[in-house]
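Below: one structure, written as structure tokens.
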Amino acid sequence: MNPRIPTATFSNNAFMERKVLETFKKDKWVLYLCADLIMLLQHTIKKILGQVIHDSLSIPVTEEELLIQRTKAEFEGDYTLVLFGLVKKHKLNPEQIGATIGLAACQKEPNFFKSYNLVKGFLNFSLQDHCLLNFLDNTYGNSQYGKALAHEKRVMVEYSSPNTNKPLHLGHLRNIFLGWSIAELLKERGFAVTKSCVVNDRGIHICKSMIAWQLFAEGATPATTGQKGDHFVGDYYVKFNEAHKAEIEAGIAAGLTKEQAEKEAPIMKATQQLLQDWEAGNQEVLALWNRMNQWVYEGFDATYKKIGADFDKTYYESQTYLLGKKFVEQGLTNGVFYKKEDGSIWIDLTPEGLDEKLVLRKDGTSVYITQDLGLAEQKFQEYRYEQSIYVIADEQNYHMKVLQLILQKLNKPYAKGIHHLSYGMVELPSGKMKSREGTVVDADDLITEMIEVARAKTEELGKVKDFNTEELEKLYHTLALGALKFYLLRVDPKKKMVFNPQESIDFQGFTGPFIQYTYARIQSILRKEYPTATLPMENKLEKEEKELLLSLEQFPSILDQAVAEQNPSVVATYAFTLAKLFNSFYTQHSIISAPSDASRQLRLRLAALTANVIKKSMALLGIEVPNRM
RNA sequence: GGUCCGGUAGCUCAGUUGAAUAGAGCAACUGCCUUCUAAGCAGUAGGUCAUUGGUUUGAAUCCAAUCCGGAUCACCA
């Protein structure tokens, strides 16, 4: 029989227990989280210590007031209560209350706390091994570990949202990996998620590609050239810019100013004409527009498939760009907007410290913000979301602020649920990527290069010589995308990052393949032997075993943290730390040849649970793990 | 100029709801494959946490000022 475990949170029923928390982290956006209380040791410790402090010192404390952290490696213990807060608030002596609390806690729950020690204001507790063994035995075979029960909170995550005039580049990849991962993290923690994509399929940019195609293609198509559709169309966008540049130079040579030359360039005038024809519904123009967009979509789909991105709903700007006009009428009637003499319509955001903002041009056409207003409404009508997350680069911080503010002023109930997941741009050592100057790192090219690197490394190591071609291709793909996705997701989204194409993405250290490798190693053991029988509770834990277990136990709260902060790098860092802990354990202790049956059962379970958690963590980042590599 | 974001080891980054001697990876150097996969492990070296002042028992973290870098403030999207 298992020893008694001293709180209700460890009972079987507690597995179903849920708690809804409100988390405010940095921004005012409210997020509801569900935490499975069963596994959270920290929570249990707080509960016990709160009671102990109340009983032994007659001080009422809330759990929020207690600061519990993992004990630093150089001190003895597992978890530490930091006493300074209590000491300050109640003007107490840390030596005295530390001793009192430590003693009382160990006496009250001897099956939970093994011992305590006091160093300055830090009260360190060691936990009884069997608490952790119990956790391990209950969890190791559970592939659902980390998953929260479903609840009714609906969230929409919009990401990718490309223009249709050029192929996806490295910046899109950061956006896509981020958006996809956040959506999966939300799902894992019980949210009902809709992944959406807004395709900017109309406007001057696509007309540029169209005009260049008309002028220079001589009827060529992706089919006749064998080129991927998005690249094909992107090439004409580049050709437009080359032609435009030449015409500008000619204009300047003829005595025009730069601005005049840009505007008056024949190819630019033709492009504007094309846009007007498009808006007027010119059949021929629409046919070409449809045809070229179709080429692009085929290209995008191939890339999405390759990187494992998917969407539940796609909005096309051509179908939604007029929606916002209703808003403008509404806002005019209730006085939120006002009309200037020339007929243009504005909103005054100066009371909020922003500027006056145009919402409708004097010719009655809508601007960028107008479209987004309409689309927000459309999304809400269709999905009744409580939160709507926009994964958009930080250059649009102002735009998103304005969008939310206008919706608030219009009293839209969904305004407060709008959240801009703002991420930093990916730059090159030479600075920003510029598609006009051809300095972008193309997504497809980059993936191809990564696959080559994966192939070279794998061949060099020669560990999978028995793999057939198909298995090898699959492995290279898994490793290449693992390296790339991890590279882009391991850093805080809001920080801009520099990508150096010269230094290829690593396969060692803090990387995807390092973690994949750890997983493959574990699988190699589990193929030989999978844990059976029962786990003897008299096992004494080695230092490395305990470290691993304490880390594994934190997994659900790591996921909550990632969701609350909207930050997959939290999961990436965790997965890396976990893999490192395992590798350290692995080199010091043999699993198959453990000193006893009891120990072997323990270590097999540790290996199995580590593999599960690694697999789940990586899956939430969109990264697959191989059984062998 | 207004607003916002950032500055931590040679490089890339963690740590920023204040807490023990500021941590990883890469690069450099030293060890470890006859034993479950060395894409690994163990170790050495590397820091004025941009600067200055303040709050505090305690500051990379909070406040103020300054310096540097970036974004944005379009009848572009």
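Residue numbers start from 1 in every chain, and the chains themselves are labelled A, B, ... in the order their sequence lines are given, proteins ahead of strands.
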Stacking here means centres under 5.5 Å and planes under 30°; does A/F75 stack on B/rA20? yes
To the nearest Å, how far apart are A/L581 CG and B/rA24 P? 12 Å
Parallel, tilted or perpendicular, judged at 30° and 60°: which one describes the rings of A/W289 and A/W278? perpendicular
Going by heavy atoms closer than 4.0 Å, what residues in residues 582-592 of chain A are next to RNA chain B? A/N583, A/S584, A/Y586, A/T587, A/H589, A/S590, A/I591, A/I592
Check every strand shown and say whether A/N124 touches a base, only sugar-phosphate, or nothing at a heavy-atom separation below 4.0 Å. base
Looking at A/R202 and A/E279, is any side-chain nitrogen of the basic one under 4.0 Å from a carboxylate oxygen of the acidic one? yes
The side chain of A/R521 lies closest to which of these nucleotides: B/rA38, B/rG6, B/rA20? B/rA38
When all nucleic acid strands are considered with a 4.0 Å heavy-atom cut-off, which category describes A/T80: base, sugar-phosphate, or nothing? base
Between A/K474 and A/E624, does at least one N-O distance fall below 4.0 Å, as a salt bridge requires? yes
Please determine whether salt bridge (Lys or Arg N to Asp or Glu O under 4.0 Å) holds for the pair A/R70 and A/E547, giving the CA-CA distance in whole Å, both sets of side-chain angles, and the decisive distance to 0.1 Å. CA-CA 10 Å; A/R70 283 294 309 281; A/E547 285 291 316; 3.4 Å; yes
Please report the distance, rounded to the nearest Å, between CG in A/D466 and P in B/rU37. 13 Å
Is there a donor-acceptor pair closer than 3.5 Å between any side-chain N or O of A/D201 and the backbone N or O of A/Y316? no
May I ask you to decide if the ring planes of A/Y586 and A/F582 are parallel, tilted or perpendicular, using 30° and 60° as cut-offs? tilted
Hey, is A/K258 close enough to A/E262 for a salt bridge, meaning N to O under 4.0 Å? yes
By the 4.0 Å heavy-atom rule, please label A/N627 as base, sugar-phosphate, or nothing. base
At under 4.0 Å, does any side-chain N or O of A/R527 touch on OP1 or OP2 of B/rU37? no
Please determine if A/R455 and A/E452 form a salt bridge, counting it only when a charged side-chain N lies under 4.0 Å from a carboxylate O. yes
Produce the list of close N/O pairs, under 3.5 Å, pairing protein atoms with atoms of nucleotides 9-15 of chain B; give distances to one decimal.
unit_1, atom_1, unit_2, atom_2, d
B/rA14, OP1, A/D492, N, 3.0
B/rA14, OP2, A/K495, NZ, 2.9

chi for B/rC49 classified (syn = within 90 degrees of 0, anti otherwise) as anti
Side chain of A/I525 only, heavy atoms from C-beta on: which candidate in B/rU21, B/rU37, B/rA19 is closest? B/rU37
Indicate, with a heavy-atom threshold strictly under 4.0 Å, whether A/T458 touches base, sugar-phosphate, or nothing. base
Filtered N/O pairs between nucleotides 73-77 of chain B and protein, under 3.5 Å:
unit_1, atom_1, unit_2, atom_2, d
B/rC73, O2', A/D355, OD1, 3.1
B/rC73, O2', A/D355, OD2, 2.8
B/rC75, O3', A/R361, NE, 3.3
B/rC75, O2, A/K362, N, 3.4
B/rC75, N4, A/D342, OD2, 2.1
B/rC75, N4, A/S344, OG, 3.3
B/rC76, OP2, A/R361, NE, 2.9
B/rC76, OP2, A/R361, NH2, 2.9
B/rA77, OP1, A/R361, NH2, 2.7
B/rA77, OP2, A/R361, NH2, 3.1
B/rA77, O3', A/E317, OE2, 3.4

Go ahead and name the base partner of B/rA60; Watson-Crick or wobble counts if both distances stay under 3.5 Å, otherwise write none. none
Any donor-acceptor N or O pair under 3.5 Å, side chains A/Y140, A/N612: no
Between B/rG7 and B/rU16, how many Å separate the two C1' atoms, rounded to a whole number? 13 Å
Between P on B/rU37 and CG on A/L526, what's the gap in Å once rounded to a whole number? 11 Å
For atom CZ of A/F467 and atom C1' of B/rU37, their distance in whole Å: 12 Å
Quick one: is B/rC36 close enough that its OP1 or OP2 comes under 4.0 Å of any side-chain N or O from A/K528? no
What is the distance from CD1 of A/I515 to P of B/rC41, rounded to the nearest Å? 12 Å
Verify, without hydrogens or angle tests, whether A/D492 (side chain) and A/K494 (backbone) share a donor-acceptor contact under 3.5 angstrom. yes
What integer distance in Å separates A/F507:CZ from B/rG40:P? 12 Å
Is a side-chain donor or acceptor of A/Q508 paired with a backbone partner of A/F514 at a separation under 3.5 angstrom? no
How is A/F576 classified with respect to the nucleic acid when contacts are heavy atoms under 4.0 Å: base, sugar-phosphate, or nothing? sugar-phosphate
Winner on side-chain proximity to A/E395, out of B/rC41, B/rG25, B/rU72, is B/rU72
Once you apply a heavy-atom cut-off of 4.0 Å, does A/K88 come out as touching a base, just sugar-phosphate, or nothing? base
Are any of the side-chain nitrogens in A/K401 or A/E352 under 4.0 Å away from the carboxylate oxygens of its partner? no
Please state whether the rings of A/F125 and A/Y116 are parallel, tilted or perpendicular, taking 30° and 60° as the class boundaries. tilted
Considering only B/rC41, B/rU37, B/rA20, which nucleotide approaches the side chain of A/F514 most closely? B/rC41
Tell me the interatomic distance from A/D506, atom CG, to B/rA24, atom C1', rounded to whole angstroms. 14 Å
Between C1' of B/rA38 and CE of A/M629, the distance in whole Å: 12 Å
If you find the nucleotide of RNA chain B closest to A/G353 and the one closest to A/A454, which residue's nucleotide is nearer the 5' end? A/G353
